[in-house]
Asker: 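Got a structure for you, written out below as structure tokens; questions coming shortly.
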Amino acid sequence: MIGASREALAAGRQNLESLTDSTSVDAARLAEELTAVTALLDREVSLRRVLTDPSRSGQDKAQLASSLLAGQVSGETADLVSGLVRSRWSGGRDLVDAVEELAAYAEVIAADRAGALDDVEDELFRFGRVVSGSHELRAALTEPKAGAVPKAALIKKLLGGRANAGTVRLITSLVNHPRGRSLEQGLETYSKLAAARRDRMVARVTTAVPLSDSQKDRLSGALGRLYGRQVHLNIDVDPEVVGGVRVQIGDEIIDGTVSSRLEGARQVLEG
């Protein structure tokens with residue numbers, strides 16, 4: 001998002017965080033209801049056009065949203081959506097994207113409150129690795145003609161009883177409503193939201209062998225000092241790197257693996 005839409009989303013996230021500071025607010029319920037609102041706005045093109053029409057006053061749009069959602073969702077969810085539509089948006093799709101992101105962020109907040117945010121981050125990463133390693137599984141989860149119920153059943157079979165309930169809900173929502181994103185892109189977005197909750201960065205680490213807890217702590221500490229922020233490690237073991245460590249944070253890559261040095265030497269020899 002750019003311009004007005006980015007500012008509107010930032011304000012919406014602040015409102016969500018302020019709202020969920022109260023322990024009486026059920027963040028998981030907010031996530032569920034915001035997901036339903038996302039589906040509504042995604043389906044009703046004319047409605048989102050009205051709710052993002054710059055010629056209408058913010059108060060008018062907020063009242064319209066409140067009247068439509070009254071009795072359908074909680075007052076907290078209606079207030080969040082009304083606050084969003086009061087803002088200016090660069091396009092109708094941006095509003096839908098924002099509501100969807102707030103739904104995922106509410107799920108992240110619920111996990112954080114339950115002390116399960118680390119588990120959710122790790123489970124999202126591991127699920128992504130499992131999917132990337134199985135063409136058949138990825139096809140089953142991304143086939144447009146497959147129904148939502150069979151996909152949800154497959155995810156429950158894979159993760160039910162072995163993953164946090166919030167992880168299951170996030171992945172199910174992503175699989176059933178990709179909205180133009182790949183499965184990998186959606187999982188990465190969720191990981192970034194989890195990191196943002198704790199104001200930390202996510203590093204994807206590739207090693208030839210599993211790291212010990214002390215090695216993880218030293219690497220995380222070194223990266224934290226380098227970037228000036230806490231860094232969460234997503235670790236992938238790949239024997240093909242031979243030795244050393246490859247670290248990717250955003251678009252930046254620190255490659256100290258033996259395989260990369262061998263490849264560099266090969267290119268030099270080949271001239």
Side-chain angles (χ1 to χ4, degrees), residues 1-2 5-6 9 12 28-52 68-69 72-73 77 81 84-85 89-108 110-111 120-194 202 204 234 236:
M1 294 185 190
I2 59 174
S5 292
R6 180 180 294 178
L9 174 57
R29 181 183 178 187
L30 280 178
E32 180 182 4
E33 293 179 344
L34 287 168
T35 298
V37 174
T38 301
L40 171 66
L41 294 175
D42 194 41
R43 184 173 62 250
E44 301 294 338
V45 179
S46 59
L47 174 60
R48 67 172 182 261
R49 285 177 178 166
V50 170
L51 292 177
T52 56
L68 288 172
L69 298 176
Q72 307 299 315
V73 298
T77 298
V81 176
L84 286 173
V85 301
W89 295 90
S90 302
R93 297 296 301 179
D94 286 352
L95 173 62
V96 190
D97 292 343
V99 177
E100 182 182 51
E101 182 169 317
L102 291 187
Y105 196 49
E107 199 71 75
V108 165
V120 170
E121 285 186 90
D122 290 339
E123 289 161 0
L124 289 170
F125 176 71
R126 289 200 300 272
F127 184 79
R129 296 303 298 156
V130 170
V131 170
S132 66
S134 173
H135 176 75
E136 291 183 355
L137 176 58
R138 191 181 190 285
L141 292 173
T142 58
E143 170 54 53
K145 295 181 180 179
V149 174
K151 289 181 180 179
L154 176 56
I155 294 170
K156 185 176 181 180
K157 180 180 179 180
L158 292 169
L159 300 177
R162 291 184 290 275
N164 184 277
T167 304
V168 177
R169 288 192 293 267
L170 282 170
I171 293 174
T172 301
S173 177
L174 173 62
V175 167
N176 284 331
H177 307 286
R179 300 190 56 247
R181 298 166 301 183
S182 70
L183 189 54
E184 292 79 7
Q185 288 172 329
L187 292 171
E188 182 179 1
T189 296
Y190 292 160
S191 294
K192 289 180 179 178
L193 289 176
V202 176
R204 181 168 181 173
N234 283 335
D236 184 24

Asker: To the nearest 0.5 Å, what is the distance between CG (Leu158) and NZ (Lys156)?
Answerer: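 Taking CG in Leu158 and NZ in Lys156, the distance rounds to 12.5 Å.
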Asker: So how far is it from Arg93 CZ to Leu41 CG, rounded to the nearest 0.5 Å?
Answerer: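 Interatomic distance, Arg93 CZ to Leu41 CG, rounded to 0.5 Å: 9.5 Å.
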Asker: Closest approach of Gly92 and Arg48, non-hydrogen atoms and distance?
Answerer: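 Heavy atoms only, the tightest pair is O-CD, 3.7 Å.
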Asker: Answer whether the closest heavy-atom distance between the side chains of Leu34 and Val81 falls below 4.5 Å.
Answerer: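 A side-chain contact under 4.5 Å exists here.
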Asker: State the CG-CG distance between Leu84 and Asp94, to the nearest 0.5 angstrom.
Answerer: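 Leu84 CG to Asp94 CG: 11.5 Å, rounded to 0.5 Å.
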Asker: To the nearest 0.5 Å, what is the distance between CG (Leu95) and OG (Ser90)?
Answerer: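 Rounded to the nearest 0.5 Å, the CG-OG separation comes to 11.5 Å.
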Asker: Would you find a donor on one side and an acceptor on the other, under 3.5 Å apart, between the side chain of Glu143 and the backbone of Lys145?
Answerer: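 Yes, the answer is positive, given that a donor and an acceptor are paired below the 3.5 Å cut-off.
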Asker: Please answer whether the main-chain N or O of Arg129 pairs with a side-chain N or O of Ser132 as donor and acceptor at a distance below 3.5 Å.
Answerer: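 Checked: pair present.
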Asker: Checking Arg179 side chain against Leu174 main chain: does a donor-acceptor pair fall under 3.5 Å?
Answerer: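 Such a contact is absent between Arg179 side chain and Leu174 backbone.
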Asker: Of the non-hydrogen atoms in Gln185 and Gly180, which two are nearest, and what is the gap between them?
Answerer: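 For Gln185 and Gly180, the tightest heavy-atom pair comes out as OE1-O, 4.4 Å.
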Asker: Output the distance between atom CG (Leu170) and atom OH (Tyr190), rounded to the nearest 0.5 Å.
Answerer: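 Answer for the CG-OH pair, Leu170 versus Tyr190, is 5.5 Å.
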Asker: Give the minimum heavy-atom separation between Ala194 and Val108, together with the two atoms involved.
Answerer: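 In this case the closest contact between Ala194 and Val108 is CA-CG1, 3.8 Å.
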Asker: What closest approach, in Å, do Pro150 and Gly147 show between heavy atoms, and which atom pair accounts for it?
Answerer: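 Heavy atoms of Pro150 and Gly147 come nearest at CD-O, 3.1 Å.
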Asker: How close do Thr172 and Val168 get, heavy atom to heavy atom, and via which atoms?
Answerer: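 Here Thr172 and Val168 meet closest at OG1-O, 2.7 Å.
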Asker: If I compare all heavy atoms of Leu183 with all of Arg138, which pair ends up nearest, and what's the gap?
Answerer: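 Reported closest heavy-atom pair: N-NH2, 4.4 Å.
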Asker: Report the distance from atom NZ of Lys151 to atom CG of Asn176, rounding to the nearest 0.5 Å.
Answerer: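 Interatomic distance, Lys151 NZ to Asn176 CG, rounded to 0.5 Å: 6.0 Å.
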Asker: Can you find a pair of side-chain heavy atoms, one from Leu187 and one from Phe127, that are under 4.5 Å apart?
Answerer: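 Sidechains of Phe127 and Leu187: in contact.
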Asker: Looking at Val131, Val130, Leu137, which one forms a side-chain contact (heavy atoms from CB on, under 4.5 Å) with Ser134?
Answerer: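 Going through the options one by one, the only one that passes is Leu137.
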Asker: How far apart are the C-alpha atoms of Leu9 and Glu101, what are their side-chain angles, what is the distance that settles it, and do they pass the side chain to side chain contact (heavy atoms under 4.5 Å, CB included) test?
Answerer: CA-CA 9 Å; Leu9 174 57; Glu101 182 169 317; 3.7 Å; yes
Asker: When you measure from the side chain of Glu123 to the backbone of Asn164, do you find a donor-acceptor pair of N or O atoms at a distance under 3.5 Å?
Answerer: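 Yes; at least one donor-acceptor contact below 3.5 Å.
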Asker: If you draw a 6.0 Å radius around CZ in Arg49, do more than 12 non-hydrogen atoms from other residues or ligands fall strictly inside?
Answerer: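 Open.
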Asker: Counting N and O atoms only, with roles assigned by atom type, does the side chain of Thr35 sit under 3.5 Å from a partner on the main chain of Ala31, one being a donor and the other an acceptor?
Answerer: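 Yes; judged by distance alone, with no hydrogens or angles, the pair exists.
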Asker: Treating Arg181 as the side-chain partner and Gly186 as the backbone partner, does any N or O pair qualify as donor plus acceptor under 3.5 Å?
Answerer: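 No, the answer is negative, given that no donor and acceptor are paired below the 3.5 Å cut-off.
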Asker: Please determine whether a side-chain nitrogen of the Lys or Arg among Glu188 and Lys192 lies less than 4.0 Å from a carboxylate oxygen of the Asp or Glu.
Answerer: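 Salt bridge present between Glu188 and Lys192.
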